[in-house]
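What follows is a set of notes on a single structure, which appears directly below.
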Amino acid sequence: MEILILGGGGQVGTELKAYPWPETVSLHAPDRASLDITDEAAVARIIAARDWAAVINAAAYTAVDKAESEVAAAWRLNALAPAILAAATHAKAIPLVHVSTDYVFDGSSSGA
Ligand SMILES: NC(=O)c1ccc[n+]([C@@H]2O[C@H](COP(=O)([O-])OP(=O)(O)OC[C@H]3O[C@@H](n4cnc5c(N)ncnc54)[C@H](OP(=O)(O)O)[C@@H]3O)[C@@H](O)[C@H]2O)c1
């Protein structure tokens, strides 16, 4: 089975690539230069390219100290890109695993 890892060059992505996956798993981890996940058309192309068993998104805007001065950049990566990925994977019924932080979503639907 083929699994697509996004943000494979980051801390979480690097650990995901190093994980001892079963031999049946083939990982694909394009870097940002190959795939900008805020580019809807590029995401659509890679989702259509293979019969992915799952997509794992470990790409994120993580420069928290800069987020308040780079609001647009943070929003594109942490809000727009997950929405693009969710729509593209949902259309092909591909499971999407989105790695985030409890600073963004604490796991309760009410947000309380
Ligand atoms: N690290 C932790 O201990 C930890 C703990 C809990 C939760 N998390 C969560 O896990 C997620 C990833 O964290 P991290 O620490 O691995 O972050 P990171 O080291 O900053 O890695 C982020 C990755 O996203 C890539 N990226 C940035 N913009 C992109 C774009 N437009 N298109 C495609 N890829 C892009 C970066 O590529 P470049 O290398 O080219 O910039 C980098 O590989 C975040 O949501 C974070 O909150 C992390």
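These numbers come from a predicted model, not from an experiment. Numbers here simply count residues along the sequence, with the first being 1.
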(request) Could you identify which residues cluster with M1, counting Ile, Leu, Val, Met, Phe, Trp and Tyr as linked when any side-chain heavy atoms lie under 4.5 Å apart, either directly or through a chain of such contacts? (result) I3, I5, V12, L16, Y19, W21, V25, L27, I56, V97, V99

(request) Sequence neighbours left out, what pairs pass ring pair (Phe, Tyr, Trp, His ring centres under 6.0 Å) with at least one residue falling in residues 49-82? (result) H28-W52

(message) Does any part of the side chain of I37, heavy atoms only, come nearer than 4.5 Å to the side chain of L85, both counted from C-beta?
(response) yes

(message) If the condition is side chain to side chain contact (heavy atoms under 4.5 Å, CB included), which residues does T62 pass it with, not counting sequence neighbours?
(response) A60

(request) Give every residue pair that meets the salt bridge (charged side-chain N to carboxylate O under 4.0 Å, His left out) criterion with at least one member in residues 1-24, sequence neighbours excluded. (result) E2-R50

(request) Could you pull out the closest heavy-atom pair between A53 and P95, with the gap in Å? (result) O-CD, 3.2 Å

(message) Which Ile, Leu, Val, Met, Phe, Trp or Tyr residues join V71 in one cluster when any pair of side-chain heavy atoms under 4.5 Å counts as a link?
(response) none

(message) Considering only residues two or more places apart or on different chains, which pairs with a residue in residues 83-103 satisfy salt bridge (charged side-chain N to carboxylate O under 4.0 Å, His left out)?
(response) none

(message) If you compare all heavy atoms of G8 against all heavy atoms of A29, which two are closest, and at what distance to 0.1 Å?
(response) CA-CB, 4.4 Å

(message) Which residue is it: I84, V55, D36, T38? I am looking for the one with a side-chain contact (heavy atoms from CB on, under 4.5 Å) to V43.
(response) I84

(message) I'd like to check the side chain to side chain contact (heavy atoms under 4.5 Å, CB included) partners of A42; sequence neighbours left out, ordered by chain and number.
(response) L35, D39, R45

(message) Suppose we screen for side chain to side chain donor-acceptor pair (under 3.5 Å). Which residues come up paired with T89, at least two apart in sequence or across chains?
(response) none

(message) How close do G13 and A58 get, counting heavy atoms only, and between which atoms?
(response) N-CB, 4.0 Å

(request) Only counting residues at least two apart or in another chain, list the ones meeting side chain to side chain contact (heavy atoms under 4.5 Å, CB included) with S34. (result) P30, D31

(request) Name all residues meeting the side chain to side chain contact (heavy atoms under 4.5 Å, CB included) criterion together with S100; count only those two or more places apart in sequence or in a different chain, and write none if there are none. (result) H98, V104

